[in-house]
Number of protein chains: 2
Amino acid sequence: MVKSKIPQATAKRLPLYYRYLNNLQHQEKTRVSSKELSEAVKVDSATIRRDFSYFGALGKKGYGYNVEYLLNFFRETLDQDELTEVALIGVGNLGTAFLKYNFLKNNNTKIVKAFDTAGTKIGTEIGGVPIFHIDELEERLPGIKVVILTIPASEAEVMTERLVKIGVEGILNFTPARITVPSHVRVHHIDLAVELQALVYFLKHYPLEDKKE
Amino acid sequence: MVKSKIPQATAKRLPLYYRYLNNLQHQEKTRVSSKELSEAVKVDSATIRRDFSYFGALGKKGYGYNVEYLLNFFRETLDQDELTEVALIGVGNLGTAFLKYNFLKNNNTKIVKAFDTAGTKIGTEIGGVPIFHIDELEERLPGIKVVILTIPASEAEVMTERLVKIGVEGILNFTPARITVPSHVRVHHIDLAVELQALVYFLKHYPLEDKKE
DNA sequence: ATGGTTTTGTGAAAGTAATCACGAAAACTT
DNA sequence: AAGTTTTCGTGATTACTTTCACAAAACCAT
Ligand SMILES: NC(=O)c1ccc[n+]([C@@H]2O[C@H](COP(=O)([O-])OP(=O)(O)OC[C@H]3O[C@@H](n4cnc5c(N)ncnc54)[C@H](O)[C@@H]3O)[C@@H](O)[C@H]2O)c1
Ligand SMILES: NC(=O)c1ccc[n+]([C@@H]2O[C@H](COP(=O)([O-])OP(=O)(O)OC[C@H]3O[C@@H](n4cnc5c(N)ncnc54)[C@H](O)[C@@H]3O)[C@@H](O)[C@H]2O)c1
């Protein structure tokens, strides 16, 4: 396992590279340069080469990268073979959308259980995922380390404490609540309202620069 | 208007601060320190003070920040009064969730129109937002500068060209496609599959450090 | 008033990330 | 086979962001 020398910024781009390499393979392309890759994923080519270089010399000068080799390498590095089981808490608007989609294109993450309070949903399935009552959380969650949280913000803090107690290690938090967790639990916030507002702010306050390209 | 001296990292946190200050005001709190704010929004207190300092000296030493004053200041700075009208393209799983939610808590952004190809949806409303056929895009979009894109990835590039031609300036792109736009158009990518995979990667490869706190 | 306490605002330092730019290697071309 | 072109890998640089740490200001209690 490659030790934690890899910058976080790089780690966040790896799934992106992986997905595009997969596309290339489906198109039967055998080689790709950092320049081509750069145009496709919109990341500077030097950044891509630097990112790859943390894992060693994966390319060939004057040639580029071999798609299959690179893909195999990342498959191992990103543990694309191991399936990570994920639970979803809160089968509302957003939760339902995720269940229907279920990240099918990824072959390494899968929502396997969902929980809610609403009686009408309990016992049904969405996208093949069974929905349980939240009261069964302690009983049914153990073994699952990653949770997608799509409940009302007001419930987030209490639910988080519950999840942590059960042993959850990672939370993808879609609620606007900034939840508090012990240091061994990782939370990624995806705050859609903030994203939209930030985009609007940038449009109004940042001159439409002439970026290169 | 405060010129573009404000770091992007700061700009992205502003809506977060704003929302929390709003909460405080509803709780009738009159003052708040960077330390309190820090615990609530999970941003280092020095970072918060630095962020605020780009806008001048907004606080008082030994006291903190006056909630109402700060809120009024940011209301203007963030143009919270002006309503930005947004359109949504692609009323599928994700698009429907956004329409139902419609960022009601924000008072500065509102989805006012949606577009899709599916005959069954055209002419109906979701969350009060009328859904039009995509063929009417050129006719009905003008005036709207910001678009939320929730169509299949395969459609993204062509649709983007169309949007740019109509004059859209900002796109919140939920498709996995990395779309190409001219330099005067701003795109924010929210790639949910990547976010989930990145979280899983961090869990597996980054030791559960003892972060402070 | 006085003195201890709180908390800001910010220089300086540290940390993190992106980009430049070029030598070296390998690939193509003729 | 020699010359040209492509493209990597990376040292060095630049840019951006966070954090430390402390003087100065304002508060608060007596
Ligand atoms: N839908 C959006 O477009 C959107 C956008 C930005 C943010 N969000 C945030 O995402 C979260 C979910 O949004 P939504 O629109 O899906 O809301 P929703 O109200 O449609 O769904 C919430 C679901 O959680 C369930 N629930 C409530 N308390 C629960 C509990 N204690 N345990 C388990 N389930 C519980 C409810 O029964 C409901 O099904 C909210 O925090 C919201 O602020 C949503
Ligand atoms: N749902 C999720 O949880 C999820 C997660 C990650 C990424 N995404 C991405 O978000 C996007 C939308 O996902 P979804 O699950 O809502 O898909 P979906 O298939 O449910 O919805 C897509 C909608 O777009 C409409 N559409 C197709 N072509 C169109 C066109 N040219 N113009 C206008 N409308 C058109 C379809 O009729 C459909 O209603 C996809 O790109 C998907 O990869 C979704």
Side-chain angles (χ1 to χ4, degrees), chain A residues 2-14 16-17 21 24 29-67 69-70 73-74 183 198 202 206 209-213, chain B residues 2-14 16-17 21 24 29-67 69-70 73-74 178 189 198 202 205-206 209-213:
Chain A
V2 183
K3 261 280 140 269
S4 44
K5 309 248 200 56
I6 291 131
Q8 302 223 353
T10 296
K12 288 190 184 169
R13 284 186 292 264
L14 295 179
L16 187 60
Y17 299 147
L21 289 169
L24 287 181
K29 287 203 70 172
T30 56
R31 57 182 280 194
V32 66
S33 68
S34 61
K35 188 150 168 289
E36 270 178 271
L37 217 48
S38 169
E39 278 152 25
V41 301
K42 304 282 187 291
V43 172
D44 186 272
S45 67
T47 301
I48 292 177
R49 293 199 299 280
R50 172 81 63 202
D51 283 346
F52 288 178
S53 78
Y54 293 116
F55 299 96
L58 304 176
K60 270 189 191 166
K61 302 185 176 188
Y63 173 87
Y65 300 89
N66 179 286
V67 172
Y69 176 79
L70 205 53
F73 183 85
F74 279 127
S183 59
F202 278 117
Y206 285 67
E209 334 134 28
D210 276 325
K211 290 178 285 196
K212 72 122 182 291
E213 185 244 352
Chain B
V2 182
K3 259 281 142 267
S4 44
K5 309 247 200 58
I6 292 131
Q8 301 224 353
T10 296
K12 288 190 184 170
R13 284 187 291 264
L14 295 180
L16 188 59
Y17 299 147
L21 289 170
L24 288 181
K29 287 204 70 172
T30 56
R31 57 182 278 194
V32 66
S33 69
S34 60
K35 188 151 168 291
E36 270 178 270
L37 217 47
S38 170
E39 278 151 26
V41 300
K42 305 282 188 287
V43 172
D44 186 273
S45 67
T47 301
I48 292 177
R49 292 198 300 280
R50 172 80 62 202
D51 283 346
F52 288 178
S53 78
Y54 293 115
F55 299 95
L58 304 175
K60 273 189 190 165
K61 302 187 176 185
Y63 173 86
Y65 300 89
N66 179 285
V67 172
Y69 176 80
L70 204 53
F73 183 86
F74 279 127
R178 250 48 183 181
H189 292 275
F202 279 117
H205 295 266
Y206 285 68
E209 333 134 27
D210 276 326
K211 290 178 283 193
K212 71 120 184 292
E213 186 241 354

(message) Nearest whole Å is fine: how far is D:dT10 P from A:R49 CZ?
(response) 11 Å
Mind listing the N/O atom pairs, protein and nucleotides 28-30 of chain D, below 3.5 Å?
from: D:dC28; atom 1: OP1; to: B:R31; atom 2: NH1; distance (Å): 3.4

(message) So does B:E36 get a backbone contact from the side chain of B:S33, meaning a donor-acceptor N/O pair under 3.5 Å?
(response) yes
(request) Give one of base, sugar-phosphate or nothing for B:Y65, where a contact means two heavy atoms less than 4.0 Å apart. (result) sugar-phosphate
(request) Please check the phosphate of D:dT18 (OP1 and OP2 only) for any side-chain N or O of B:T47 closer than 4.0 Å. (result) no
(request) Identify which nucleotide among C:dT19, D:dC8, D:dA26 has an atom closest to any side-chain atom of B:K60, counting heavy atoms from C-beta outward. (result) D:dA26
(message) Without decimals, in angstroms, what is the distance between A:K5 NZ and C:dT16 C1'?
(response) 17 Å
(request) Kindly give the heavy-atom pair with the smallest separation between A:A11 and A:I6, and that separation in Å. (result) N-CG2, 4.0 Å
(message) Rounding to an integer number of Å, can you tell me how far B:L58 CG sits from D:dA25 C1'?
(response) 16 Å
(request) Measure from the side chain of A:Q8, starting at C-beta and using heavy atoms only, and say which of C:dA17, D:dG9, D:dT17 lies closest. (result) C:dA17
(message) Looking only at the side chain of A:A57 (C-beta and beyond, no hydrogens), which of the listed nucleotides C:dT10, D:dA24, D:dG9 gets closest?
(response) D:dG9
(request) Record whether the side chain of B:R50 comes under 3.5 Å of the base of D:dT19 through a donor-acceptor pair of N or O atoms. (result) yes
(request) Quickly work out the A:R13 CZ to C:dT16 C1' distance and round it to whole Å. (result) 11 Å
(message) In this structure, how many angstroms lie between the C1' atom of C:dT10 and the CG atom of B:D51, rounded?
(response) 13 Å
(message) Rounded to whole Å, please give me the gap between CG in A:L70 and C1' in D:dC8.
(response) 13 Å
(request) Determine yes or no for a side-chain-to-main-chain donor-acceptor pair under 3.5 angstrom, with B:R31 supplying the side chain and B:Y63 the backbone. (result) yes
(request) Grab the two heavy atoms, one from A:S34 and one from A:S45, that are nearest each other, plus how far apart they are. (result) O-CB, 3.6 Å
(message) Side chain of B:A46, heavy atoms from C-beta onward: which of D:dG9, D:dC20, D:dA26 has the nearest atom to it?
(response) D:dC20
(request) Give the minimum heavy-atom separation between B:Y17 and B:D51, together with the two atoms involved. (result) OH-OD2, 2.5 Å
(request) Write down the distance between OH (B:Y54) and C1' (D:dT17), rounded to a whole number of angstrom. (result) 8 Å
(request) In whole angstrom, give the distance that lies between atom CD1 of B:I48 and atom P of C:dT7. (result) 13 Å
(message) Are A:F52 and A:F74 an aromatic pair, judged by ring center distance below 6.0 Å?
(response) yes
(message) Base, sugar-phosphate or nothing for A:S34? Non-hydrogen atoms, less than 4.0 Å.
(response) sugar-phosphate
(request) Looking only at non-hydrogen atoms, find the nearest pair between A:I48 and A:V43 and report the distance. (result) CD1-O, 3.7 Å
(request) Choose from D:dT17, C:dT7, C:dT19 the nucleotide whose nearest atom is closest to any side-chain atom of B:K61. (result) C:dT7
